[in-house]
Amino acid sequence: MRLLIRPLPKEHESSQGYVLRLSTLNGFDHPRWCVPLAIAGDEKDGQRASLKVLTGHDDATLSTLRGPIFGLGLLSRGDSGNVGLRYWNTRFQRYCPICLATERYHRASWGLTFGVACHEHAVWLRDDCPVCGKSVRWTAAPLGMCSCGFPLRTAAALPCTESARSYVRTLASSLYPASAPVRPFSPQVAALKIDQLLRLTWFLGAYAIRQEAKAQKIPGIMHLECAVNMVEATAAALSDWPNGFHLLLDELGKRTSLEASGNKLPAHFGRFYPTLYKSFPEPSFSFLREGFESYIGDHWSGQLNKRNRRFSQASRDSHEWISIKEAAKILHMRTTKVRELVENGLLIGRLFATASGRKMGAVLKDSVTLTAVGQAGLVTLAEAKEMSGFSKKRLYKLLGDGYLRAARGPGVDGYPIWQFERAALEEAIRLTKGEART
Ligand SMILES: [Zn+2]
Ligand SMILES: [Zn+2]
């Protein structure tokens with residue numbers, strides 16, 4: 001049955017707010033009285049209530065309403081855009097006092113768990129009444145009024161942070177992709193769909209604010225304060241990509257001591273690392289995985305392979321890491337061979353498999369360079385000493401006298417390590433030893 005007063009949905013209005021507005025305008029003291037009227041008369045079994053029956057507006061008109069309808073029996077339903085219920089605040093009614101003063105209706109973005117601020121007025125949303133101090137819940141009170149009778153539009157609005165404003169602006173533009181695009185973060189973030197952005201926020205925010213292992217369960221997330229913390233942490237992680245994200249990884253890494261986690265990546269990052277690969281498999285999140293991998297490559301100095309003594313402490317400490325793929329290219333070998341060399345300790349590197357089974361790794365650049373030298377059949381000065389039994393001084397004299405020609409070195413091409421072709425070295429040794437005999 002149609003209601004007497006059937007206003008059209010307002011711009012960006014929430015579904016739940018619309019039902020409450022209909023109920024108030026038609027003189028009901030609770031929106032639940034709308035429910036029996038919303039059931040189509042000709043339906044005998046499997047009764048379903050709908051706003052279409054209630055208002056007579058077509059699906060296209062009603063489809064602009066976002067967010068779930070909850071607590072209203074047969075009229076209850078999920079979001080028309082399939083954004084999961086966990087991302088909507090079904091406990092408290094948030095509001096921007098300035099928006100309410102302009103026009104009294106509930107904006108859908110206020111209903112999102114991470115909708116913590118009004119990006120238009122750059123103020124924090126509120127979910128409380130300044131007079132009675134209670135949280136504003138979805139009750140029978142007309143929209144914009146606390147159940148104590150206080151008009152919420154007259155509550156004070158406090159300026160929000162710039163990062164929260166950037167975040168909610170991105171949130172709003174992904175909820176309404178047709179609106180003018182805003183790009184406070186990287187284009188990859190701006191390209192995320194609303195449910196993806198919310199999933200990412202839940203993940204990053206949860207790890208940033210909590211230390212416990214099961215970070216994906218968050219008590220109090222419906223409370224504004226908790227949501228604000230998660231939004232601020234996410235905005236920080238997404239800013240100046242990937243630098244903000246790397247700072248977050250630094251923080252996560254600090255929670256585990258390196259000694260305890262050894263060279264094992266999962267132990268180092270806890271569940272963050274498998275979750276990252278398991279929960280964000282879409283191509284649109286490749287920037288996230290790449291951000292993580294570049295951090296591993298550049299920053300993470302796990303325990304190095306101590307078996308290999310050829311390398312100075314300085315070069316072990318240097319963080320010049322290259323990927324397995326790059327190493328394979330330099331060495332003209334397959335990546336599987338590079339892995340094998342790392343496993344055998346012939347190259348200094350770290351290997352790990354992601355939760356999705358993807359194998360990743362990094363190799364110390366110096367170790368690759370030295371291996372490349374060995375491959376070219378060149379011999380270092382130390383090795384030449386061993387082969388010839390000559391002192392370093394004697395080898396330098398041979399070099400100076402022109403008996404021995406270096407292939408590479410400070411006097412040849414400026415390369416810091418002297419290197420010789422094996423044949424040339426053997427010839428010089430033979431000649432020198434021959435000379436000594438005569
Ligand atoms: Zn506002
Ligand atoms: Zn009140």
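Both counts, for ligands and for their atoms, begin at 1 and track the order of listing.
- With the Zn ion (ligand 2) as the vertex, atom SG of C132 and atom SG of C129 span an angle of 110° (nearest 10 degrees).
- The SG atom of C146 and the SG atom of C148 meet at the Zn ion (ligand 2) at an angle of about 110°, given to 10°.
- Around the Zn ion (ligand 1), the two atoms ND1 of H121 and SG of C96 are separated by an angle of 110°, to 10 degrees.
- Formation of a donor-acceptor pair under 3.5 Å by the R126 side chain with backbone atoms of A156 is found in this model.
- Taking the Zn ion (ligand 1) as the corner point, the angle from C118 atom SG to C99 atom SG is about 110° (rounded to 10 degrees).
- Residues Y167 and T201 have side chains that bring a donor and an acceptor to within less than 3.5 angstrom of each other.
- Look at R199 and E282 and you find a salt bridge, because one of the NZ, NE, NH1 or NH2 atoms lies within 4.0 Å of a carboxylate O, short of that distance.
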Note to self: Applying ring-ring contact (aromatic ring centres under 6.0 Å, His included) to W241 and F287, what does each step give before you reach the verdict?
What the structure shows: CA-CA 9 Å; W241 189 263; F287 77 99; 5.0 Å; yes

